[in-house]
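Comments concern the structure below.
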Amino acid sequence: LCSNNNPYASFGATLARDEEQNLWSTPHDVTHTEADDDRVLYNMIVVRNQLDKDSEEWQKLNYDIYTLRQTRKEVRSRWKHILEDLGFQKEADSLLSVTKLSIISDSQNMNKARDILLKLLEETNIFPTSWELSERYLFVVDRLIALDAADEFFKMASTMYPKRPGGDRADEGPRAPQS
């Protein structure tokens with residue numbers, strides 16, 4: 001029991017290391033897709049880890065990393081909320097899960113998925129104003145097209161996260177759908 005060969009001795013350190021490498025939302029996901037926004041986050045983490053923790057630069061980078069992760073969680077939460085409202089309560093997490101193994105279901109859907117995603121960016125506040133489109137959501141929209149739910153998703157997003165005049169963000173959270 002007192003042996004130094006305890007396989008669980010570094011468990012906490014492994015979790016912390018895995019969390020640092022977790023660039024999206026699922027801890028320990030070795031299959032996550034490395035998109036451009038993942039590389040940006042990863043590079044920020046690498047630079048931050050090379051700096052002195054007491055420096056202003058480290059604090060600024062740490063804040064930027066935290067902000068980017070929180071923004072991603074907020075966007076994912078908005079998508080999940082809409083999916084659940086559309087009746088995909090049990091499937092929402094799997095619909096939002098994108099890995100290296102994810103594929104576009106039909107190559108003909110690619111243009112339609114891209115158009116819907118751009119329309120969501122331009123006509124709703126489901127994404128923050130500073131958001132750069134993530135390839136990850138192209139896969140999600142493709143899945144919605146395959147389920148014949150993409151148009152309903154857009155309508156719900158428009159209702160819950162309407163674009164404000166002047167392009168301001170809807171910071172107060174989702175709105176209840178109006179009948």
Side-chain angles (χ1 to χ4, degrees), residues 4 6-84 92-102 113-114 116-142 153-154 157-158 160-175:
N4 286 338
N6 183 352
Y8 303 107
S10 65
F11 184 69
T14 303
L15 283 177
R17 193 170 47 252
D18 286 350
E19 181 57 33
E20 276 303 298
Q21 293 177 357
N22 171 25
L23 301 178
W24 189 239
S25 59
T26 308
H28 318 295
D29 178 11
V30 296
T31 65
H32 75 270
T33 299
E34 232 181 83
D36 288 340
D37 54 339
D38 290 334
R39 285 192 256 329
V40 168
L41 181 56
Y42 176 77
N43 289 335
M44 289 170 64
I45 291 169
V46 168
V47 170
R48 181 201 61 189
N49 290 344
Q50 294 172 349
L51 297 172
D52 181 25
K53 284 189 179 185
D54 294 330
S55 70
E56 262 185 64
E57 295 145 43
W58 185 92
Q59 291 177 359
K60 183 186 179 323
L61 267 175
N62 197 51
Y63 177 78
D64 291 345
I65 290 166
Y66 173 80
T67 302
L68 182 55
R69 284 180 167 161
Q70 289 305 111
T71 302
R72 287 175 161 195
K73 286 179 184 178
E74 178 184 330
V75 170
R76 187 180 192 285
S77 175
R78 288 177 178 188
W79 279 72
K80 185 174 179 177
H81 187 228
I82 294 171
L83 288 170
E84 289 172 345
D93 287 324
S94 61
L95 285 170
L96 291 169
S97 176
V98 176
T99 69
K100 289 179 183 177
L101 304 175
S102 298
R114 193 175 314 279
I116 292 172
L117 196 57
L118 288 171
K119 198 170 163 186
L120 283 165
L121 178 68
E122 294 168 1
E123 298 180 25
T124 73
N125 277 320
I126 194 168
F127 298 111
T129 52
S130 61
W131 184 267
E132 291 185 28
L133 277 182
S134 173
E135 183 181 0
R136 185 173 318 279
Y137 287 101
L138 191 60
F139 286 92
V140 177
V141 173
D142 173 64
F153 184 91
F154 176 78
S158 298
M160 295 174 75
Y161 302 101
K163 192 68 144 185
R164 297 230 192 295
D168 292 343
R169 270 185 61 195
D171 285 334
E172 73 275 355
R175 287 190 173 184

Should Leu61 and Glu57 be marked as a side-chain contact (heavy atoms from CB on, under 4.5 Å) after you check the CA-CA gap, both sets of side-chain angles, and the distance that decides it? CA-CA 6 Å; Leu61 267 175; Glu57 295 145 43; 5.7 Å; no
When rounded to the nearest 0.5 Å, the distance separating CZ of Arg76 from OG of Ser97 is 7.5 Å
Between Leu117 and Leu138 the two heavy atoms that sit nearest each other are CD2-N, 3.8 Å
Distance col, row Lys163:NZ vs Ser158:OG, nearest 0.5 angstrom, shows 10.5 Å
Residues Pro128 and Thr71: closest non-hydrogen pair is CG-CG2, 3.5 Å
Closest non-hydrogen atoms of Tyr161 and His81, given as atom of the first, atom of the second and distance, are OH-ND1, 4.0 Å
For Glu56, is the CD atom crowded, meaning more than 12 foreign heavy atoms sit under 6.0 Å from it?
no
Next item on the list: Kindly assign one of parallel, tilted or perpendicular to the pair Phe127 and Trp79, based on the angle between their ring planes and the thresholds 30° and 60°.
Entry: tilted
Basic-acidic side-chain contact under 4.0 Å: Arg114, Asp142 = no
Next on the checklist: With heavy-atom distances below 4.5 Å as the criterion, would you say the side chains of Tyr63 and Gln59 are in contact?
Outcome noted: no
In this structure, CZ of Arg48 is separated from CD1 of Ile65 (nearest 0.5 Å) by 4.0 Å
Nearest heavy-atom contact between Asn125 and Pro162 is ND2-O, 2.8 Å
Rounded to the nearest 0.5 angstrom, the CG-CG distance for Leu118 and Leu121 is 6.5 Å
Heavy-atom nearest pair, Arg136 first then Val98, reads O-CG2, 3.5 Å
Flag side-chain contact, heavy atom, 4.5 Å: Val75 against Tyr137
yes
The reported gap from NZ in Lys80 to CG in Leu95 (rounded to nearest 0.5 angstrom) is 11.0 Å
Separation between CD1 (Ile45) and CZ (Arg69), nearest 0.5 Å, reads 4.0 Å
Note to self: If you define the side chain from C-beta out and look only at heavy atoms, does anything of Phe153 sit under 4.5 Å from Ile116?
What the structure shows: no
